[in-house]
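Worksheet: one structure, shown below.
Counting starts at 1 for both ligands and their atoms, following the listed order.
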Amino acid sequence: MSSNIRVRFAPSPTGPLHIGGVRTALYNYLFAAKNGGTFILRIEDTDQSRYVPGAENYIIRSLEWAGLMHTEGVGQGGDFGPYRQSERKEIYRQYAMQLIDSGHAYYAFDTPEELNDMRERMRKQGLPSPQYNAISRQYMKNSETLPREETQIRLDRGDKFVIRIKMPRKEEVKFEDMIRGWVAFQSDQLDDKVIFKSDGMPTYHLANVVDDHLMKISHVIRGEEWLPSTPLHVLLYRYLGWETERPQFAHLPLILRPDGNGKLSKRDGDRLGFPVFPLDWKNEENGDTASGFRERGFFPEPFINMLAFLGWNPGTEQEIFSKQELINAFDISRINKSGARFDFEKAKWYNQQYLKSLSDTTLAGELLPLLKQAGFNHPAGYVKEVCRLFKERVYFLNDFIQEGSYFFQQPAVYDKKIIRKKWNTSIQTIFSDLLATFKSLSQWDAGSIEIVIKALINQKNLKFGDILPVFRVMLCGTLAGPPIFEVAELLGKTETLQRMETFIKLNEA
Ligand code: GLU
């Protein structure tokens, strides 16, 4: 069944895509997938001054990694292209003209100095945020104030101009948001925004509305920061005669900093110690870098699972969702109005749950290339066993190599406290005996190792605490880890004996 549901993700390529942007893409994706609709990617690059090379490519790679690929739009094509606004330049002018002809927009010729003067004057009159609006436009140089002939002369001789929307003086602009319900703005609080610029390009507002209309977008799902622009968009639909086909709006709540203090910004990431971008980013022009979830060790599945919950919940206790389960459960009416706090510990938890759910074989398959990169060449069977033993203890694949390094190489350092507290001549003798017993052992498995150690403890009248922590530190360097007999079994007899000998030699009491 083909559906009329058409949604778009419409980022501007002004830098790397923030996780807030990925969440917007995700909700659009889920909504389309759930309703048999189409998910479109449109690149909004009308503001040439903010264009950052590499950003568009970054956006597409991020969506690919997160598994949120669009089926129509930039890179995919479709019946409503082109999908990059800079390639649609010619389309917008006629709509700006239509707005002028119908009296809903006008030419403005003010220079930057004149605009500054106007703002200064108004500030002096006690207006803290001066605007170009129904009142101040009367004192400015525009086709509303200039005689018709003068406007024409200026246009004919090529004076610089912008086209501004003519905001009504006093009118309530109302619309129903799918998340917030009825929202009303007073037009005297809104300004005569520029909709078309002197460089022949539309501004975001005009291009966005024209494209949503021409691309038959049924639902606009975007961040809350666009809510204040929506009354202008509503008016543009009305003035262009498209009101009855206007898309429905859904404005997503902000993603907040972990302490709840304000919006999680692009700058927060590396400063607060966690990524706020999906992938590592490098600005080729100025060398700026930022780190990404992928490189931090996140899998795409738990990454989107975590993002889905930043602002939405299924209304049940279930927290772990596959992408298909998210699609089935997703419902715009369950998106919250209030901001969602980002919690990196929770993000790690999602990754951990996902990692734990993978089979040992799959995990080993993921881990092997990383091990190779780190210079280890252990066989797949061995790595699989490491995964079985250690997967409960890691958040990321890299933790296997960092915290579980002793599976792949001799410990480089030993827990000093244990040596100080437990290591002495008599323990050293006991371990030398143990070493000899181990050597004569024909079976090397956790059970046999345990029997030998227990017998030794009984025989010498010792406590487990005298032997086991030392044994663990000999093999692993550290005190935490999976059951030590199993670790010894996996390391194998030769390696275990070698590590014991090394330790004893290094720490001769
Ligand atoms: N280009 C806008 C952005 O970067 C799109 C906003 C919208 O979806 O309407 O977020």
Side-chain angles (χ1 to χ4, degrees), residues 5-32 37-52 54-60 62-63 68 70 72-74 80 82-89 92 165 175 177-180 183 193-195 197 201-237 240 242 246-255 263-266 276-278 281 307 311 332 335:
I5 303 270
R6 291 173 55 81
V7 292
R8 83 308 191 268
F9 178 50
S12 300
T14 53
L17 185 61
H18 181 256
I19 52 169
V22 187
R23 187 199 55 179
T24 301
L26 171 66
Y27 286 6
N28 275 286
Y29 176 95
L30 294 175
F31 184 71
T38 307
F39 175 47
I40 298 154
L41 176 67
R42 183 171 76 221
I43 295 288
E44 300 207 325
D45 56 350
T46 52
D47 190 349
Q48 299 290 323
S49 64
R50 295 182 61 216
Y51 181 81
V52 174
E56 179 184 314
N57 182 262
Y58 178 94
I59 291 166
I60 294 176
S62 299
L63 296 180
L68 306 176
H70 53 293
E72 183 181 320
V74 171
F80 301 85
Y83 293 91
R84 211 178 268 114
Q85 287 185 330
S86 56
E87 293 165 17
R88 301 171 62 77
K89 231 170 129 177
Y92 308 111
I165 182 87
F175 56 91
D177 186 272
M178 293 173 82
I179 297 168
R180 276 142 226 279
V183 185
K193 282 254 171 338
V194 173
I195 55 171
K197 290 174 294 183
M201 285 287 233
T203 60
Y204 155 73
H205 304 287
L206 181 67
N208 186 268
V209 164
V210 166
D211 284 349
D212 282 346
H213 175 74
L214 296 180
M215 295 179 184
K216 294 198 177 348
I217 299 301
S218 61
H219 296 77
V220 167
I221 305 170
R222 63 184 172 196
E224 182 182 285
E225 63 272 29
W226 300 106
L227 190 62
S229 301
T230 309
L232 166 59
H233 299 180
V234 167
L235 289 177
L236 284 171
Y237 282 105
L240 288 164
W242 302 332
R246 198 182 79 200
Q248 280 185 267
F249 294 107
H251 286 93
L252 308 176
L254 292 177
I255 299 182
K263 182 176 160 184
L264 183 69
S265 80
K266 290 194 173 188
V276 294
F277 299 106
W281 158 258
L307 276 186
I332 290 197
I335 295 177

## Note on the structure
Under 4.0 Å from one or more heavy atoms of Asn208, ligand 1 contributes atoms 7 (C), 9 (O)
### Query
Is a side-chain donor or acceptor of Arg84 paired with a backbone partner of Arg42 at a separation under 3.5 angstrom?
no
### Message
Minimum heavy-atom separation for Phe39 and His70, please, with both atom names.
### Response
O-CB, 3.3 Å
### Query
Between Arg180 and His251, does any side-chain donor sit less than 3.5 Å from a side-chain acceptor?
no
### Task
Under 4.0 Å from a heavy atom of Glu44: give me the atoms of ligand 1 that qualify, with their elements.
1 (N), 2 (C), 5 (C)
### Message
Checking side-chain polar atoms at under 3.5 Å, does Asp211 have a donor or acceptor matched by the opposite partner on Tyr83?
### Response
no
### Query
Can Arg6 be said to sit on top of Phe80's aromatic six-ring, NZ or CZ under 6.0 Å from centre and within 45° of the ring axis?
yes
### Query
Are any of the heavy atoms in Glu225 under 4.0 Å away from ligand 1?
no
### Query
When you measure from atom 3 (C) of ligand 1 to every protein heavy atom, which one gives the shortest distance, and what is it?
Trp226 CZ2, 3.5 Å
### Query
For atom 5 (C) of ligand 1, what is the nearest protein heavy atom, given as residue, atom name and distance?
Ala10 O, 3.1 Å
### Task
Please write down residue, atom name and distance for the protein heavy atom closest to atom 8 (O) of ligand 1.
Arg8 NH1, 2.7 Å
